[in-house]
Amino acid sequence: MKLTAALVVVAVTLTGPPAWSQEHPKAEVSVDYSFLHFQAFDYESFGGKYEFGQAYNLNGGGGSFVYNFGPIIGLKAEFQGYGSETRTVVVPPGNTFNPAGASAGVEGNIFTYMFGPQFGKRRGIFRPYGQALFGGAHSDVYSKAYSNLGFTQFGSTPSSNAFAMDFGVGLDIAVSPRFSIRPFEASYLRTTFDNHLSANENSTRFLAGVVFNMGIKPPLQLTVACSANQTSVFPGEPVTVAATVGSQDPKLGVVYSISGDGITGANNSATATANTADLTPGQHTVRCDAKEGKPGKEGAKPWQVATQSTATFTVKEFEPPTISCSVNPTTIKPGDSATVTATAASPQNRPLTYTYTASAGNVTGTGASASYSSTGAPTGPVSITCNVADDKGHNASANSSLTILEPPKPPQPHAQALCSINFENDKKRPMRVDNEAKACLDEVALDLQRQSDAREVLIGQSNAKEKEAMEKQRKYAEHHKKANVDDFAGQRAVNTKDYLVKEKGIDPSRISVATSTTDGQKVEDYLVPAGANFSSDVQGTTPVDETAVQPQVRKPLPQRHHAHQGAATSK
């Protein structure tokens, strides 16, 4: 019934006002926004009793391509995609799917790809059409419903692909021969997903968008090209200007008009001559116009007129001198000198005068050779300009350069590896700085005291067993807010720093702590002199967050009682 009404609307509209353009597009490409009322779940057919159902209102969009065999019939390919929407599906108790009943949020989406004929008026301003499309659809709604609602007794999950067909009508409004607005398209969409949850998948959709019309041949526009046989002349040399039209029909007549600097007298010729004798030096412009059409009616239509095509030529002054500039040597030390050489020539052999300038230092001399002195100039590049002038006021210049070298720089300092601290001996407290580490740390403190501008980097290590324990603690902490994660490597580095700060009085800002992936139970010590780049010298380290890893109190071992001694000893 809906399809019949749509076809009637199309037929009536086709008999409407005459089209403003007699050309129909060979192909059309559309881009649109679409709204789909997707009737995903409908259980009316089960025993004739309505049990439950659910529909989705989906926003999306897509596009289509239509190849028109003529002004009425075309073949259409359409692709539409709709975003997801989650709806709560309630299955009451006692149903055939899940007797206990179920309720779950089910996410709905759908993508359609369909092909079929399109019938409509493809000329004029208002272009109604109807369509019948067939193809496929893809949606995850049924597989997600089976999973979320617990419908596992039906075996395999329903397929996400199904047959789809669409019947609809729409209207395009042509804004220009190549562009149309689609204010609406309304259609009935039928899908046949194979599942136990839906008997009737009848949906409606609406879309609006824009249409790009292709394959419309525009009127052939007359073109004219203007050219000069010479682009640069001396005063008095003639310039021939030619007008060339892009005429599509040799039977049509052409009227030419050439005007501009040096062109005198009316003409109807495709060529003219510019007299340059009285023209001032500089660039000059000529213009070529043309009209095409039947003889005596040239230019009767807008596309038969071509105007304002121009060509330029330059009237030159008598040639100025030319010059090149060189410096030898091109690299010197501070205070050294170099020779500047200018090679100049005048086409008319006029007398020449030389001058020189430099961005730093001084150049002395007025001939073709001069001397450069770097006294007082800073190191780096120096630009030198050679200038020449003739007696007619013509000038020319050229540039060269040299470099004043910097004195050699002192060698780049690098991080120095000092002693390392071993934490393997104390099995019960493997992160405690013991007495054996004092000798190493005392030397480290002395090095920092000798070099007041140096700093220290302590890099902690952990073995494979500790790394495994940390990983287990980290996973446990993901689910327990108060769970602790022992950073064995970081704790060793922080405890070592704490000893240097509290026991040796080293400024904590001069000590950085980090960890490495090296397997072991050590802390490596590095002295970083001023100017050294630790991250370049020692790579693969990770800074320790000292707000999270706090130093541990250094306590002695608990007393142990011996079998033959009443006295207790401690380490």
Side-chain angles (χ1 to χ4, degrees), residues 414-451 454-477 483-528 534-535 537-562 568-571:
H414 295 281
Q416 305 169 15
L418 302 179
C419 58
S420 61
I421 303 173
N422 193 337
F423 289 80
E424 297 177 350
N425 296 331
D426 194 337
K427 302 299 182 180
K428 294 184 178 180
R429 295 174 296 178
M431 293 179 286
R432 176 179 180 272
V433 178
D434 59 17
N435 294 334
E436 294 181 5
K438 288 184 177 181
C440 169
L441 296 178
D442 290 346
E443 289 296 326
V444 171
L446 288 175
D447 288 332
L448 290 172
Q449 291 167 357
R450 295 189 193 102
Q451 301 184 42
R455 59 190 182 90
E456 180 77 8
V457 179
L458 304 173
I459 303 176
Q461 302 174 0
S462 61
N463 59 24
K465 184 177 180 181
E466 292 170 337
K467 290 183 176 69
E468 182 180 356
M470 284 182 63
E471 184 62 24
K472 291 180 178 180
Q473 292 175 356
R474 187 176 291 108
K475 290 182 178 180
Y476 181 79
N484 296 323
V485 178
D486 293 325
D487 184 355
F488 295 91
Q491 191 67 63
R492 290 184 177 111
V494 169
N495 289 349
T496 304
K497 175 179 177 178
D498 185 63
Y499 176 85
L500 289 172
V501 172
K502 293 181 178 179
E503 300 295 333
K504 307 307 295 184
I506 303 301
D507 185 350
S509 64
R510 296 179 62 192
I511 304 174
S512 300
V513 289
T515 62
S516 71
T517 58
T518 303
D519 189 80
Q521 291 180 303
K522 294 181 179 181
V523 169
E524 300 290 345
D525 299 306
Y526 287 89
L527 184 68
V528 185
F534 177 79
S535 60
D537 294 339
V538 181
Q539 300 180 358
T541 65
T542 302
V544 175
D545 182 2
E546 295 187 58
T547 61
V549 182
Q550 299 291 327
Q552 297 174 334
V553 178
R554 186 173 180 273
K555 298 179 179 179
L557 286 171
Q559 294 182 345
R560 295 182 299 175
H561 294 277
H562 297 278
T569 60
S570 64
K571 292 185 180 181

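Of all heavy-atom pairs between Ala464 and Asp519, the closest is N-OD1, 2.7 Å. Scanning all heavy atoms of the two residues, the minimum distance from Glu524 to Ser420 falls at OE1-CB, 3.2 Å. Heavy atoms only, all atoms of each residue included: Ala454 and Leu448 are closest at O-CD2, 4.2 Å. The minimum heavy-atom distance linking Ala415 with Val528 is given by the pair CB-CG2, 4.2 Å. Considering all non-hydrogen atoms of both residues, Gly490 and Val544 come closest at CA-CG2, 3.9 Å. Minimum interatomic distance between Val444 and Cys419 (heavy atoms only, all atoms of both residues): CG2-SG, 4.1 Å.
Not one N or O on the side chain of Asn495 forms a donor-acceptor pair closer than 3.5 Å with the backbone of Asp498. Side chain of Glu424 to backbone of Pro430: no donor-acceptor contact under 3.5 angstrom is found.
The ring-ring contact (aromatic ring centres under 6.0 Å, His included) test applied to Phe488 returns no partner, not counting sequence neighbours. Every residue was checked against the side-chain hydrogen bond (donor to acceptor under 3.5 Å, both in side chains) condition with Asp525, not counting sequence neighbours, and none meets it.
To the nearest 0.5 Å, atom CG of residue Asp487 and atom NZ of residue Lys467 are 10.5 Å apart. Here CD1 of Ile506 is found 9.0 Å from CD of Glu456. Values are rounded to the nearest 0.5 Å. Distance OG1/Thr496 to CZ/Phe423: 3.5 Å, rounded to 0.5 Å. With rounding to the nearest 0.5 angstrom, the CZ atom of Arg450 is 10.0 Å from the CG atom of Leu527. Within the model, atoms CG of Asn463 and CD of Glu466 stand 4.0 Å from one another, a figure rounded to the nearest 0.5 Å. With values rounded to the nearest 0.5 angstrom, Arg432 atom CZ is found 14.0 Å from Arg492 atom CZ.
Test Val457, Ile459, Thr518 against Thr541 for side-chain contact (heavy atoms from CB on, under 4.5 Å) and you get one pass: Ile459.
For Asp442 and Lys438, the salt-bridge test fails: no basic side-chain N is under 4.0 Å from an acidic carboxylate O. With salt bridges taken as basic N to acidic carboxylate O contacts below 4.0 Å, one links Glu468 and Lys472. Ion pairing of Lys497 with Glu546 is present here, as a side-chain N (NZ or NE/NH1/NH2) and a carboxylate O approach within less than 4.0 Å.
The shortest distance between side-chain heavy atoms of Asn425 and Glu436 falls below 4.5 Å.
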